[in-house]
Amino acid sequence: MASKDKKNRLKARLPRGFADRDAADIRAIDKMMEAIRAVYDRYGFDPAETPFIEYTDALGKFLPDQDRPNEGVFSFQDDDEQWLSLRYDLTAPLARQVAENFQDLVKPYRSYRAGWVFRNEKPGPGRFRQFLQFDADTVGAASVAADAEMAMMMADVVEAVGIERGDYVIRVNNRKVLDGVMEAIGIGGPEHLHTRLVVLRAIDKLDRLGVEGVRLLLGKGRKDESGDFTPGAGLSQKQISGVMALLEFEAFAFFARDADDGGVVRREPIQAAGVDHTGQIYTKPPDPNAAMLGFLGYLKDRGIDASNNDSLNTGFSELNEIASLIASAGYERRVVIDPSVVRGLEYYTGPVFEADLTFETVNEKGQKVVFGSVGGGGRYDGLVGRFGGVDVPATGFSIGVSRLAAALKNLGKLGDEAEAGPVVVTVMDRERIADYQKLATTLREAGIRAELYLGNPKNFGKQMQYADRRDAPCVVIQGSDERDRGVVQIKDLVEGKKKAAAIADNVEWREERPGQFEVPEREMVQAVSDLLKRQAGA
RNA sequence: GCGAACGUAGCUCAGUUGGUUAGAGCGUCGGAUUGUGGCUCCGAAGGUCGGUGGUUCGAAUCCACCCGUUCGUACCA
């Protein structure tokens with residue numbers, strides 16, 4: 001019963017950060033997911049699924065020094081007082097699943113999973129509290145070949161959903177390189193954990209804040225336009241120059257492809273120390289020793305000695321190996337090395353990757369939009385080991401399906417082929433509903449989407465209006481006339497609309513019956529399917 | 001979380017220095033037209049002016065707080 005009491009009427013409202021999905025969204029996203037799934041299948045990955053809810057400790061999300069889950073994750077207590085949480089990504093549940101079934105899995109275990117994840121954070125445009133991710137992971141492979149494969153598969157996935165080559169780039173970095181540099185400038189120990197996090201966050205903001213913004217964040221801090229002050233890492237000038245070396249050093253241009261070579265979009269040139277460093281684009285297998293030595297020398301010029309730094313050394317050689325694998329597989333134009341990629345702050349232990357869209361579009365409101373990251377991943381060798389037992393090497397990545405869909409929508413590549421509506425069987429004579437139902441059934445049995453008009457049939461015009469709004473390709477009409485003669489009228493709504501364009505007078509419009517023709521009832525299916533074919537071809 | 005802007009019908013918006021009964025366009029619904037979509041015409045429904053409290057003879061308008069949206073920033077495990 002509808003409530004007449006307006007004041008206390010229940011208000012229909014959706015919690016912020018959540019969204020309803022309509023038919024067009026669902027169809028478009030299903031199609032995207034299918035395209036992604038096909039890529040993973042082709043690489044030999046198998047599907048897997050875990051539930052939405054895990055024990056909070058399995059997600060690793062307790063506040064330090066408190067027995068309550070971290071904010072940012074939706075949590076509640078079970079009837080036995082144990083904390084449960086909605087998953088906030090698909091990687092932690094995977095680690096749990098692998099640890100729990102370790103004996104039974106064939107290693108390396110290659111799997112993919114898609115699903116909703118939940119984050120209790122401030123939502124915004126394109127940022128939801130429930131969204132879709134689609135992950136692929138290889139567990140039990142320590143080789144960087146597994147990481148290189150991930151990076152290449154990411155490129156394939158982005159292309160599979162309709163982003164063109166050159167409109168995206170997969171950036172690859174190695175956490176060991178970042179760690180090595182931080183170690184070299186003296187913030188390596190456990191007591192500097194916080195500082196390291198601040199440094200990583202600062203580097204992560206290169207795209208948005210530019211070199212100077214990053215520099216400020218590494219030092220004392222930065223005040224934004226609103227006057228809000230963000231405290232920096234408090235590094236010395238020397239330390240800052242060491243970190244900035246990562247972003248400036250021309251040896252990375254050594255990894256970079258020729259900037260004149262089209263097809264890859266790059267970020268704004270970074271001006272630094274006389275180096276015009278355009279784009280961190282990797283192409284040919286570089287000489288790791290030369291790059292390494294060059295970078296060490298660059299640091300040395302700034303008073304930083306990193307010559308015995310294992311992290312840096314390993315990081316460089318891993319990056320080099322990845323670059324070689326990528327080049328020999330022919331992906332060098334799609335996958336690049338970029339020392340500013342940070343990705344997540346906690347569990348990554350080695351190579352990290354990020355898929356970025358590089359084109360700009362305008363949204364419905366005409367505002368310029370750059371989508372940026374639509375997916376990311378990396379190596380997380382410690383995650384499975386948290387559940388006891390030895391560390392298990394693992395690498396994987398995640399595609400942000402919802403964000404990718406938003407990007408495709410702006411590109412006009414999503415949902416532009418709207419599903420045709422059903423054929424509508426109209427009701428001319430309400431005593432004969434059963435006959436009309438049978439017509440609909442006959443069409444369905446032939447595989448044609450069809451429905452019987454179920455509204456009030458008294459005004460035939462309403463039925464036509466309904467069919468029109470449903471995007472019906474045609475309607476089937478059978479009044480007593482037609483029934484007596486064993487025929488049906490088929491009215492092609494698309495054709496009718498075209499023909500009617502010239503008709504201005506309503507009486508003429510109705511008498512003309514544009515697009516309408518008559519066939520014997522037993523030829524209805526054939527006639528309708530011919531019509532559908534005609535429309536599909538047009 | 002911090003800062004700012006905004007909040008009037010389903011949507012987009014008008015609403016005078018605080019002054020009768022808050023308007024328009026689009027959309028919705030009904031009718032002209034119960035055997036034919038669009039166009040046209042006629043009519044109707046739809047508002048606690050985001051909420052609460054305050055100032056005032058009087059508040060959509062001024063003030064405070066709250067909620068929501070947007071932008072920037074932080075956070076994003």
Side-chain angles (χ1 to χ4, degrees), chain A residues 5-9 11-17 56 59-64 69-73 85 87-89 91-92 117-125 127-129 131 197-198 201-202 204-205 208-209 213 217 221-231 342-348 365 367 373 376 380 383 400 424 426-430 453 456-472 474-483 489-516:
Chain A
D5 181 356
K6 285 189 179 179
K7 193 144 198 171
N8 295 316
R9 188 159 55 187
K11 191 166 182 185
R13 61 204 184 115
L14 194 60
R16 65 199 179 114
T56 305
L59 300 178
K61 279 306 123 200
F62 276 101
L63 287 170
N70 211 333
E71 19 184 308
V73 35
S85 293
R87 64 189 182 191
Y88 56 84
D89 70 11
T91 308
V117 301
F118 303 83
R119 294 191 187 182
N120 193 4
E121 289 167 1
K122 176 177 147 188
R127 284 176 66 106
F128 297 95
R129 295 204 287 176
F131 55 97
L197 288 179
V198 176
R201 279 177 208 147
D204 203 27
K205 294 191 176 98
R208 202 150 42 82
L209 302 181
L217 284 176
R222 173 179 174 275
K223 191 182 273 191
D224 64 54
E225 302 103 86
S226 71
D228 200 23
F229 184 75
T230 310
V342 176
R343 283 315 297 178
L345 300 171
E346 202 146 315
Y347 53 66
Y348 292 123
K365 292 178 182 168
Q367 296 162 321
S373 170
Y380 49 97
L383 209 52
V424 173
T426 57
V427 176
M428 198 58 101
D429 179 354
R430 55 167 86 200
Y453 180 74
N456 185 346
K458 97 177 166 168
N459 185 344
F460 192 72
K462 287 276 182 285
Q463 302 195 42
M464 292 301 299
Q465 200 175 67
Y466 171 80
D468 194 36
R469 289 209 196 166
R470 290 282 279 139
D471 287 320
C474 65
V475 296
V476 173
I477 305 167
Q478 189 185 51
S480 46
D481 269 20
E482 288 85 0
R483 195 256 323 266
Q489 300 281 347
I490 295 173
K491 179 160 183 151
D492 182 335
L493 294 185
V494 178
E495 185 61 23
K497 183 166 267 169
K498 278 187 217 152
K499 282 193 179 156
I503 306 175
D505 176 61
N506 189 243
V507 175
E508 187 189 343
W509 155 273
R510 300 175 87 183
E511 286 171 357
E512 181 78 15
R513 297 185 178 175
Q516 188 166 329

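Every heavy atom of this structure was used, including side-chain atoms; hydrogens, water molecules and symmetry mates were not. Chain letters run A, B, ... following the sequence lines, proteins first and then strands; every chain starts at 1. All of these numbers come straight from a predicted model, not from anything done at the bench.
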TODO: Compare side-chain N and O positions of Arg201(A) against OP1 and OP2 of C76(B) and report whether any pair is under 4.0 Å apart.
DONE: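 Result: yes.
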- [ ] May I ask you to verify if any side-chain N or O of Trp509(A) is less than 4.0 angstrom from the OP1 or OP2 atom of U36(B)?
- [x]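 Checking Trp509(A) against U36(B): no side-chain N or O falls below 4.0 Å of OP1 or OP2.
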- [ ] Please identify each residue that fulfils salt bridge (Lys or Arg N to Asp or Glu O under 4.0 Å) with Glu512(A), with sequence neighbours left out.
- [x]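 Not a single residue meets the salt bridge (Lys or Arg N to Asp or Glu O under 4.0 Å) criterion with Glu512(A).
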TODO: Could I get the full list of salt bridge (Lys or Arg N to Asp or Glu O under 4.0 Å) partners for Arg470(A), not counting sequence neighbours?
DONE: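 Testing Arg470(A) for salt bridge (Lys or Arg N to Asp or Glu O under 4.0 Å), a comparison that skips the adjacent residues, returns Glu451(A).
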What residues form a side chain to side chain donor-acceptor pair (under 3.5 Å) with [X], not counting sequence neighbours?
| X | answer |
| --- | --- |
| Tyr380(A) | Asp137(A) |
| Ser85(A) | Thr56(A), Ser75(A) |
| Gln489(A) | Glu482(A), Gln516(A), Glu518(A) |
| Gln478(A) | Arg432(A), Glu521(A) |

Applying a 4.0 Å non-hydrogen cut-off, can you work out what [X] is touching in the nucleic acid: base, sugar-phosphate, or nothing?
| X | answer |
| --- | --- |
| Glu482(A) | base |
| Tyr466(A) | nothing |
| Val73(A) | base |

TODO: Using atom types as modelled and distance alone, determine if a side-chain donor or acceptor of Arg119(A) lies under 3.5 Å from a backbone N or O of Tyr88(A).
DONE: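 At least one qualifying donor-acceptor pair exists.
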TODO: Starting at the 5' end of nucleotides 40-45 of chain B, put B wherever the base has a protein heavy atom under 4.0 Å, S where only the sugar-phosphate does, and a dash everywhere else.
DONE: ------
Distances under 3.5 Å between nitrogen or oxygen atoms of protein and nucleotides 66-69 of chain B:
none

TODO: Not counting sequence neighbours, which residues clear side chain to side chain contact (heavy atoms under 4.5 Å, CB included) with Pro123(A)? List them please.
DONE: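 Expected list: Arg16(A), Arg129(A).
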Task: Those residues that, when tested against Lys497(A), pass side chain to side chain contact (heavy atoms under 4.5 Å, CB included) (two or more places apart) - done: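 Testing Lys497(A) for side chain to side chain contact (heavy atoms under 4.5 Å, CB included), a comparison that skips the adjacent residues, returns Asp468(A).
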Collect all protein-nucleotide pairs involving nucleotides 4-7 of chain B in which both atoms are nitrogen or oxygen and the distance is under 3.5 Å.
none

TODO: Check whether any side-chain heavy atom of Leu493(A) lies under 4.5 Å from a side-chain heavy atom of Met464(A), and answer yes or no.
DONE: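 Side chain of Leu493(A) against side chain of Met464(A), heavy atoms only: contact under 4.5 Å found.
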Task: Secondary-structure string, 5' to 3', Watson-Crick or G-U under 3.5 Å, | for another-strand partners, for RNA chain B - done: (((((((..((((.....[...)))).(((((.......))))).....(((((..]....))))))))))))....
